[in-house]
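What follows is a single structure, written as structure tokens, with notes after it.
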Number of protein chains: 2
Amino acid sequence: MLAPGQALFRLGDPTAGVHEILRGQMQMVRVDASGREVVLYAAVAGEIFTEAALFSPIYHCDAITRTGATVRLYPKDKLLAEFRRNPQAAEAFMAILARQIMSLRTRIEQRNIRSAGDRARHFLALNTGTDGRTVLLRGNLKDLAAELGLTHEALYRALAGLAAKGEIKRFKNKIVLRDKAQLM
Amino acid sequence: MLAPGQALFRLGDPTAGVHEILRGQMQMVRVDASGREVVLYAAVAGEIFTEAALFSPIYHCDAITRTGATVRLYPKDKLLAEFRRNPQAAEAFMAILARQIMSLRTRIEQRNIRSAGDRARHFLALNTGTDGRTVLLRGNLKDLAAELGLTHEALYRALAGLAAKGEIKRFKNKIVLRDKAQLM
DNA sequence: CGGCGTTTTGAGAGAGCTCAACATCGGTGG
DNA sequence: CCACCGATGTTGAGCTCTCTCAAAACGCCG
């Protein structure tokens, strides 16, 4: 349980283990030679971070929460001991890491797309449900815009544009893509 | 050894194992409901990919090389067997995955920065050598621009701007940051 | 010297960001 | 039941910054 502005750990601190964010956000921050802050990563609720702490004696950045946050710690020694005793647990953890890599790569590819319309399309295409055409929206559009790295205005306009061209249909909390057969 | 345009595997193929790129580039591609290609990730020489293949029976995307590529396969069953037998090997692989996650996160944060100058600064701040001020440039600036997701023109201008403001000094194959004491 | 790729600089256009105003929706309290 | 209020959603106008296309200077190698 951390108050806004509080640090979970600082650069150089001995590593404790893997953390999971239950509520709020954490920023991994490094300070460069000229004293400027460089944000390495901003983690949100539901994510685990400091995986690399398992393999390093000290932290290589600061972890600060601006929003306040609740964090759960999985102690390093217990995890490693469990992995040694139980190869299945080790495999499961590897699977978690591998999935994170995939999702991060997809996100990078997404950020490579400059056009707001194309970026929205990219997101929609990768987040369709089982029917391959329906995307359920989890939160509000402002949050989605942040996730896509767009201003909410740009996202509204992009979606309006896609809808105008008939590529999508918008509903309360879902978006349906027009597929090849144009069934929708 | 793959020819340009050749596919290493296709969506739905049974997974073989983890691949390392020795030469060239591979693109992970998925095709969306409307038949459009969506690039999940572009991997370059030196990287490993399909880590997640260890934990899935089939591939969830196509792997295609446009440039042609040489790829080494680490067979899935051998890797998993080795991990079960040898917890140290498992730990080492986890460490590789964890490091990749860190580097991907840093890259995402980099791509969140819109200003070319800020993005260059971010890169420089995170790539200083032991003295905390000197960045050795591995390749040419065009390649660096591509790595940063900028056009080479934009990067040239950004560096020129930083140099004009005295934040950096440019040399043949290195860039030196001005630190707080302005020693340079 | 000639050719090729990298580095640099210039001009113009497009697209997203910023600031701003307004609409819509849901919840709250009178 | 309705008025109010805040947050979300939407649209408008202008600006800035990068991208694109273009051209020139520079460096390297045959």
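Each chain gets a letter, A, B and so on, in the order the sequences are listed, and its residues count up from 1.
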Exercise. Any donor-acceptor pair under 3.5 Å linking the side chain of B:Thr65 with the backbone of B:Leu8?
Worked result: no

Exercise. Are OP1 or OP2 of D:dT18 and a side-chain N or O of B:Thr151 less than 4.0 angstrom apart?
Worked result: no

Problem set entry | Distance in angstrom units between A:Arg157 CZ and C:dA20 C1', rounded | 11 Å

Problem set entry | Check: B:Pro87 main-chain N/O paired with A:Arg84 side-chain donor or acceptor under 3.5 Å | no

Exercise. Between B:Glu51 and A:Arg105, is a salt bridge (Lys or Arg N to Asp or Glu O under 4.0 Å) present by the stated rule, with each step listed?
Worked result: CA-CA 12 Å; B:Glu51 314 83 4; A:Arg105 284 181 178 164; 3.0 Å; yes

Exercise. For A:Arg170, which contact category applies under a 4.0 Å heavy-atom criterion: base, sugar-phosphate, or nothing?
Worked result: sugar-phosphate

Problem set entry | Along DNA chain D (nearest heavy atom to each residue), the more 5'-positioned of A:Arg114 and A:Tyr156 | A:Tyr156

Problem set entry | Nucleotide C:dT8, atom P - distance to CG of B:Leu155 in whole Å | 9 Å

Exercise. In whole angstroms, how far is the P atom of D:dC21 from the CD atom of B:Glu153?
Worked result: 10 Å

Exercise. Between atom CG in A:Leu141 and atom C1' in D:dT10, what is the gap in whole Å?
Worked result: 11 Å

For this session: Would you mind telling me which residue lines up with the more 5' stretch of DNA chain C, A:Lys172 or B:Ala160, judged by nearest nucleotide?
Result: B:Ala160

Exercise. Does A:Arg107 come within less than 4.0 Å of A:Glu147, counting only side-chain N to carboxylate O?
Worked result: no

Problem set entry | Distance in angstrom units between B:Lys142 NZ and D:dC19 C1', rounded | 15 Å

For this session: Specify the separation, in whole Å, of atom CG of A:Asp118 and atom P of D:dC19.
Result: 15 Å

Problem set entry | Between C1' of D:dT18 and CD1 of A:Ile113, the distance in whole Å | 17 Å

Problem set entry | d(CG, A:Asn173; C1', C:dT24) in whole Å | 17 Å

